[in-house]
Amino acid sequence: MSPPGGKEGGRRRRRAAGAMADGNADWMGSLPAALCSYPLSNLAIPGSHDSFSYWVDEKSPVGPDQATAIKRLARISLVKKIMKKWSVTQNLTFKEQLEGGIRYFDLRVSSKPGEIGQEIYFIHGLFGIKVWDGLMEINTFLEQHPKEVIFLDFNHFYAMDDSHHFFLINRIRSAFGSKLCCVECVEYVTLQYMWEKKHQVLIFYHYPLYREFPFLWPGNKMPAPWANTTNVHKLLQFLETTLEERSRYGTFHVSQAILTPRVKTIARHLVRGLKNTLVHRNLPMILNWVKAQKPGVMGVNIITSDFVELVDFAATVIALNDLLLEEDDSSSKS
């Protein structure tokens with residue numbers, strides 16, 4: 001269970017979840033048969049950036065992903081409130097994102113320094129929920145939707161030694177068991193392949209221990225170039241350039257359609273937060289870029305966004321797969 005965000009937080013999330021299209025909970029299982037034999041690396045798949053950040057704990061210490069100066073400042077409670085406005089990049093829980101069609105999750109994790117035991121938490125400036133609780137929420141959805149396939153990308157680790165990693169990897173194995181898809185040639189991994197083997201989960205693990213576990217895919221199979229800009233025009237140019245450079249074969253590909261605040265952006269707009277300063281204003285232009293894309297060997301694959309419910313993000317990405325069918329039709333007629 002995710003920690004409650006109070007009555008108002010719950011109402012906000014319900015409104016946000018309602019804004020996501022209801023028909024996307026089973027979109028993979030509902031794709032035309034022709035697309036089920038396409039490699040997953042050639043399909044258009046919606047994802048979320050900092051997927052777990054819908055709840056962060058203002059009462060816990062600042063995370064080890066932050067600079068020492070921030071940790072000192074955060075002893076002032078107002079500073080943590082401001083941090084929360086800039087750390088939260090999603091409104092929806094895992095369950096709500098999954099029901100809305102999101103299938104790729106960007107995950108950053110950490111131990112809590114000073115805490116006894118090896119429990120691992122999601123983190124983005126402030127600590128989020130326990131990873132185990134998130135995995136359980138995801139697994140419940142998968143049990144109810146056996147044809148849906150998800151990508152969990154563990155790409156940042158903080159305050160973790162090998163014993164923490166072994167603890168986390170065992171948690172992943174306990175949560176998903178036989179649903180885990182072992183490393184395979186990327187082009188072999190289609191929906192049909194996953195369904196035949198009753199697999200639903202691909203885990204990408206950006207740490208050398210992935211070599212010891214057949215169900216951990218190396219991080220380099222999931223490149224996610226980052227524009228690191230507040231300028232929407234620079235972001236869109238970066239997305240175009242990195243798509244042109246993507247590997248034709250052998251990897252998935254993440255287009256991070258996100259804007260990243262600079263320190264001066266945060267200083268200028270302290271109390272407005274990420275959503276009101278950068279996201280609301282620029283999402284329409286980002287969505288227009290998404291609508292102009294095409295999946296396929298050299299096209300888009302996974303596209304991630306902040307606040308995925310603010311526009312028809314997931315439905316727009318999913319609809320791009322229809323272009324593959326049109327391509328098939330035109331090639332069969334020629």
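FYI, side chains are in, hydrogens and waters are out, and symmetry mates aren't considered; it's all heavy atoms of this structure.
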Which atom pair, heavy atoms only, marks the closest approach of [X] to [Y]?
X      : Y      : answer
Val183 : Leu216 : CG2-O, 3.2 Å
Leu168 : Met160 : CD2-CE, 4.0 Å
Pro46  : Trp27  : CD-CZ2, 3.7 Å
Arg108 : Asn155 : CG-OD1, 3.7 Å
Ile102 : Ala314 : CD1-CB, 4.2 Å
Ser305 : Leu283 : OG-CD2, 3.9 Å

* To do: Tell me, with the steps shown, if His165 and Asp162 meet side-chain hydrogen bond (donor to acceptor under 3.5 Å, both in side chains).
  => CA-CA 5 Å; His165 280 281; Asp162 280 4; 5.5 Å; no

Approximate separation, where rounding is to 0.5 Å, of [X] [atom1] and [Y] [atom2]:
X      : Y      : atom1 : atom2 : answer
His49  : Tyr104 : NE2   : OH    : 9.0 Å
Leu202 : Cys182 : CG    : SG    : 10.0 Å
Leu287 : Asn282 : CG    : CG    : 12.5 Å
Ser48  : Ile303 : OG    : CD1   : 13.5 Å
Ile169 : Phe213 : CD1   : CZ    : 4.5 Å
Asp153 : Lys221 : CG    : NZ    : 14.0 Å

* To do: Return the orientation label for the Phe204 and Phe151 ring planes: parallel under 30°, perpendicular over 60°, tilted otherwise.
  => parallel

Is there a donor-acceptor contact under 3.5 Å from the side chain of [X] to the main chain of [Y]?
X      : Y      : value
Glu137 : Lys95  : yes
Asn231 : Lys234 : yes
Gln200 : Lys179 : no
Trp289 : Glu240 : no
Asn321 : Leu43  : no
Glu212 : Leu209 : no
Ser110 : Ala159 : no
His199 : Ser178 : yes
Arg103 : Leu98  : yes
Asn301 : Ile45  : no

With a 4.5 Å cut-off on side-chain heavy atoms, are [Y] and [X] touching?
X      : Y      : value
Thr229 : Phe238 : no
Asp26  : Glu148 : yes
Met194 : Val189 : yes
Trp217 : Tyr210 : no
Leu320 : Val290 : yes

* Asked: Given the side-chain rings of Phe105 and Phe122, with only the six-membered ring counted for Trp, is the space between their centroids under 6.0 Å?
  -> no

* To do: Begin with the C-alpha distance, continue with both residues' side-chain angles, and end with the deciding distance and a verdict on side chain to side chain contact (heavy atoms under 4.5 Å, CB included) for Gln118 and Ser163.
  => CA-CA 8 Å; Gln118 294 169 310; Ser163 68; 3.0 Å; yes

Is there a path of hydrophobic side-chain contacts, each under 4.5 Å between heavy atoms of I, L, V, M, F, W or Y residues, that connects [X] with [Y]?
X      : Y      : answer
Leu243 : Trp226 : no
Phe166 : Leu180 : yes
Leu142 : Ile203 : yes
Leu239 : Ile258 : no
Ile172 : Phe167 : yes

* Asked: Taking the six-membered ring of Tyr121, is NZ or CZ of Lys112 closer than 6.0 Å to its centre and within 45° of its axis?
  -> yes

* Assess whether side chain to side chain contact (heavy atoms under 4.5 Å, CB included) is satisfied between Ile138 and Phe176, documenting all intermediate values. => CA-CA 9 Å; Ile138 291 167; Phe176 300 119; 4.0 Å; yes

* Kindly indicate, with the supporting measurements, whether the criterion side-chain hydrogen bond (donor to acceptor under 3.5 Å, both in side chains) is fulfilled by Thr140 and Gln144. => CA-CA 7 Å; Thr140 298; Gln144 294 162 358; over 6 Å; no

* **Residue pair Met136, Arg171: steps toward the side chain to side chain contact (heavy atoms under 4.5 Å, CB included) verdict** => CA-CA 10 Å; Met136 287 287 91; Arg171 288 295 218 188; over 6 Å; no

* To do: Report the C-alpha separation of Ile150 and Phe141 in whole Å, then their side-chain angles, then the decisive distance to 0.1 Å, and conclude whether the side chain to side chain contact (heavy atoms under 4.5 Å, CB included) test is met.
  => CA-CA 11 Å; Ile150 62 159; Phe141 173 86; 5.6 Å; no

* Asked: So, Asp106 versus His156: side-chain donor-acceptor pair below 3.5 Å or not?
  -> no

* Would you check, one step at a time, whether the test side-chain hydrogen bond (donor to acceptor under 3.5 Å, both in side chains) holds for Trp132 with Glu119? => CA-CA 9 Å; Trp132 175 251; Glu119 197 62 68; over 6 Å; no

Give every donor-acceptor pair under 3.5 Å between a side-chain atom in residues 245-257 and any protein atom, sequence neighbours left out.
unit_1	atom_1	unit_2	atom_2	d
Arg246	NH1	Gly299	O	2.7
Arg246	NH2	Ser41	O	3.3
Gln256	NE2	Ala224	O	2.9

